[in-house]
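Worksheet: one structure, shown below.
For clarity, every value in this text was computed on a predicted model and none was experimentally measured. The first residue in the sequence is number 1, and the count goes up from there.
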Amino acid sequence: MLRSTRLFGPKRRVTFSLPLDQPHGPVSVVGTFNGWTPGVHELVPRRDGTRTVTVILPPGTHRFRYLADGGLWFDDTDVPHVDHDGCVITIEA
């Protein structure tokens with residue numbers, strides 16, 4: 001699940017959220033905004049039974065996927081558009 005909040009100026013705070021235990025082990029969100037580098041944006045457990053990470057994104061089109069322990073890649077089921085490079089989100093200026 002994604003939650004987006006407008007910041008001052010054109011940037012947005014995007015929070016990526018997954019259930020705490022599905023899949024098991026560490027999960028990172030990787031994408032065009034972090035050079036597809038695992039571990040840069042690892043989801044952190046929260047008291048509400050989720051794990052999240054927040055990323056500040058500039059306007060434009062961004063692609064991402066999740067990478068779980070053991071090399072398991074998967075997409076966010078709540079994102080309306082997924083292409084061959086992953087989930088697509090667009091931040092309007």
Side-chain angles (χ1 to χ4, degrees):
M1 181 173 91
L2 298 179
R3 185 175 61 239
S4 178
T5 307
R6 183 171 297 282
L7 299 174
F8 293 105
K11 294 183 179 181
R12 293 192 73 87
R13 176 182 297 136
V14 178
T15 300
F16 299 85
S17 178
L18 292 172
L20 186 59
D21 60 351
Q22 296 177 4
H24 294 287
V27 176
S28 295
V29 62
V30 293
T32 55
F33 47 84
N34 63 14
W36 296 94
T37 306
V40 173
H41 294 108
E42 188 171 317
L43 283 77
V44 177
R46 305 294 178 197
R47 283 187 264 182
D48 66 357
T50 65
R51 52 186 160 178
T52 66
V53 66
T54 299
V55 180
I56 307 300
L57 295 178
T61 299
H62 305 277
R63 286 177 170 75
F64 75 93
R65 296 192 80 201
Y66 295 107
L67 179 59
D69 200 27
L72 172 67
W73 289 91
F74 62 100
D75 296 312
D76 193 312
T77 58
D78 292 332
V79 174
H81 185 70
V82 179
D83 67 14
H84 64 281
D85 290 324
C87 301
V88 180
I89 54 175
T90 301
I91 306 297
E92 300 292 331

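In terms of heavy-atom proximity, I91 sits nearest to P10 at CG2-O, 4.1 Å. Considering every non-hydrogen atom in both R46 and T52, the closest pair reads NE-OG1, 2.8 Å. Nearest heavy atoms, K11 versus P58: CG-CA, 4.1 Å.
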Going through the distances and angles, do D78 and L2 end up as a side chain to side chain contact (heavy atoms under 4.5 Å, CB included)? CA-CA 7 Å; D78 292 332; L2 298 179; over 6 Å; no

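In summary, the side chains of T54 and R13 do not present any donor paired with an acceptor at a separation below 3.5 Å, with no hydrogens or angles considered.
Under the 4.5 Å side-chain heavy-atom criterion for Ile, Leu, Val, Met, Phe, Trp and Tyr, W36 and I89 are members of distinct hydrophobic clusters. Residues L18 and V79 fall within the same hydrophobic cluster, defined by Ile, Leu, Val, Met, Phe, Trp and Tyr side chains chained together at heavy-atom separations under 4.5 Å. Put simply, V44 and V55 are part of two different groups of oily side chains (I, L, V, M, F, W, Y) that touch within less than 4.5 Å, one to the next. Criterion: ILVMFWY side-chain heavy atoms under 4.5 Å apart, direct or through other members. Under it, F74 and V29 are part of a common hydrophobic cluster. Clustering ILVMFWY residues whenever any of their side-chain heavy atoms sit less than 4.5 angstrom apart, transitively, puts M1 in a cluster other than the one holding F33.
With a 6.0 Å radius and a threshold of 12 heavy atoms from other residues, nucleotides or ligands, R6 has its CZ atom above the threshold.
Of the inter-residue distances, the one linking R51 atom CZ with Q22 atom CD reads 9.0 Å to the nearest 0.5 angstrom.
With sequence neighbours left out, H41 forms a side chain to side chain donor-acceptor pair (under 3.5 Å) with N34.
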Would you mind writing out the side-chain donor-acceptor pairs for residues 63-71 within the sub-3.5 Å range, not counting sequence neighbours?
| unit_1 | atom_1 | unit_2 | atom_2 | d |
| --- | --- | --- | --- | --- |
| R63 | NE | D83 | OD1 | 3.4 |
| R63 | NE | D83 | OD2 | 2.9 |
| R63 | NH2 | D83 | OD2 | 2.8 |
| R65 | NE | D75 | OD1 | 2.7 |
| Y66 | OH | D76 | OD2 | 2.9 |

